[in-house]
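Just so it is clear: chains get the letters A, B, ... in the order the sequence lines come, proteins before strands, and each one is counted from 1. The shown structure was predicted, so the numbers you read here are calculated from the model rather than taken from an experiment.
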Amino acid sequence: MLIKSTEIIDTFAEAFGMWGSRVIVTGETPKWAMAAARSMTGFATSVIGCKCEAGIEGLLTEDETPDGRPGVSILLFAGSAKGLANRLVERVGQCVMTCPTTACFNGLDVEETVNVGGKLRYFGDGYQSSKLLGDQRLWRIPVMEGEFFVDESFGIQKAVGGGNFLVLGENLKITLAAVEAAVEAMQMPGVILPFPDGVVRSGSKPGSKYKALPASTNDAYCPSLRGRAPHTELPEEVTCVLEIVIDGLDESVVKEAMRVGIMAAAREGIRQITAGNYGGNLGQYHLQLHELLRG
Amino acid sequence: MKLSLHTLPSVPLEAEVICPDKFIGNSLEAISAMTVMHGNRECALADFFTLTDDGLETIEIDGDLSKVKLIGSEMTQGKIIINGSVGAHLGALMTGGEILVTGDAEDWVGREISGGRIVIKGNAGHLVGSGVRGSDIGIQGGEIIIHGNAKNEVGNGMRRGLIVIGGNSGDFTGVNMKAGTIMVLGQLGQRPGASMVRGTIFSTQAAQLLPTFTYNTTYKPTFLKRYLIYLKKLGFTIDDAYLNGNYQSWSGDSLEMNKGEILLFSEGS
């Protein structure tokens, strides 16, 4: 399949079942809401090394947040419900509660919930108080600047992590331009791109010659190893490969993000777009590139 | 089901049978024959009301019901609409469902409820959301929304839930309060929060507090904005000044645990 002059390889992205949550952070000004959001989504590129994957889903206006202040919507994913609960407590506690003026609310209206504010409340040392508004219990935790207001429970749901595609370009400049365009096109509700500004250069393969490492560099796609690695996937003209990884609240939104991303990245100078998989043996979702591009 | 009052009671009429839980599954004839107490005399519901089965589960009542007590008592589900005013003990011990009154309500609105929502578009009498005399505990959940004024002892012994007074409240608002939230968009009467243990009393106006309350600070409580936005959704007009303003925070009652809180709008801060 060709899109413009870019060949789309007939393969699939192998994605995994994860657990996802949506966190709404608000602040007195957009600056402070964003400060907390950046902190909370920092060091959250891959479950392999960070225990979770997180990113900013979008900005929210005063009319879109529970407390009428500017906000940021964050998606956070982990491999298990328990792991997600732990990461939420850690990150809301360390990155949001610490940030001036912020409050933190659940953004997923689903049946399954985990306790977040109900654990953070103990920081109040007995001075915390709760409020019950509708069905939602909220906690007010006194802090030096005023009080931190946080929902007790946050909804979690089964999600999809690790959707991906690789952009194989003739040079760095063209490849960067292609992935930047893809990332911009992929901003949509329900998905995040957890790597720096949505792009990863250190794509990995499972395993390593070093026993302690669960993953290592994807040598088949490293141009500098074309002559050394036992096997290469790179056409001759390709000198640069960048990858975009997608996590989403369900399979359909991940596929849609991949579709618009691939469409945006395909251009003159991008020789191929392919996807990372492990032979179909690990992930439960096989996101076929040709199939999702055909719609 | 539609009910229309055709005979004004000469003394209070106890009509706890007017409740979705008691109507559901019964025929029009059976409902018409349900017993109400007119003073100390047993009567049939049809002795006072004309009943029409419109096929809807919502109970809609027309007429001046200011002498009809205990409507919606122990209600767990459904909806009652009262087009007019209503008597005492509306929705007593309610655990679910919704009651809407377009006029005024007498004393003891939502007495000891633990769920559901009661909305009074007009004024309410004394002891909104309170416990009966001799009981320490008032409402334990649910919402009581009064768009007009309320008289004394709003939320006496309240343990959980939300009470909103769109106008002024009388004396001893939140007396003996254990927890929960009382929001008064007008003026608090005398001695608000007397003997309160925990919970929040809010007012948009200055108030004379008991000496057993201690000033903490003036600040913007984030949670309050969320509540005020919720009230806007319920149909109240909330000035931006209240949404974005600063509030004096007072702790009390120090004769109890001193964990209660009164928040008063502070315009100039």
Of all heavy-atom pairs between A:Ile192 and A:Leu75, which one has the smallest distance, and what is that distance?
->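 Looks like CG2-CB, 3.7 Å.
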
Under 6.0 Å between ring centres, would you say that holds for A:Phe148 and A:Phe123?
->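 Ring centroids of A:Phe148 and A:Phe123 are no less than 6.0 Å from each other.
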
Under 4.5 Å heavy-atom distance to chain B, tell me which part of [X] shows up: side chain, backbone, both or neither.
{"X": "A:Glu145", "result": "neither"}
{"X": "A:Leu138", "result": "side chain"}
{"X": "A:Phe105", "result": "side chain"}

Check side chain to side chain donor-acceptor pair (under 3.5 Å) between B:Thr200 and all other residues, then give those that pass, not counting sequence neighbours.
->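 B:Thr200 satisfies side chain to side chain donor-acceptor pair (under 3.5 Å) with A:Lys131, B:Glu261 once adjacent residues are dropped.
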
Among residues two or more places apart or on two chains, list those pairs meeting side-chain hydrogen bond (donor to acceptor under 3.5 Å, both in side chains) that have a residue in residues 223-232 of chain B.
->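 Output for this query lists A:Asp151-B:Arg226, B:Arg117-B:Tyr230, B:Glu143-B:Tyr230, B:Lys225-B:Asn244.
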
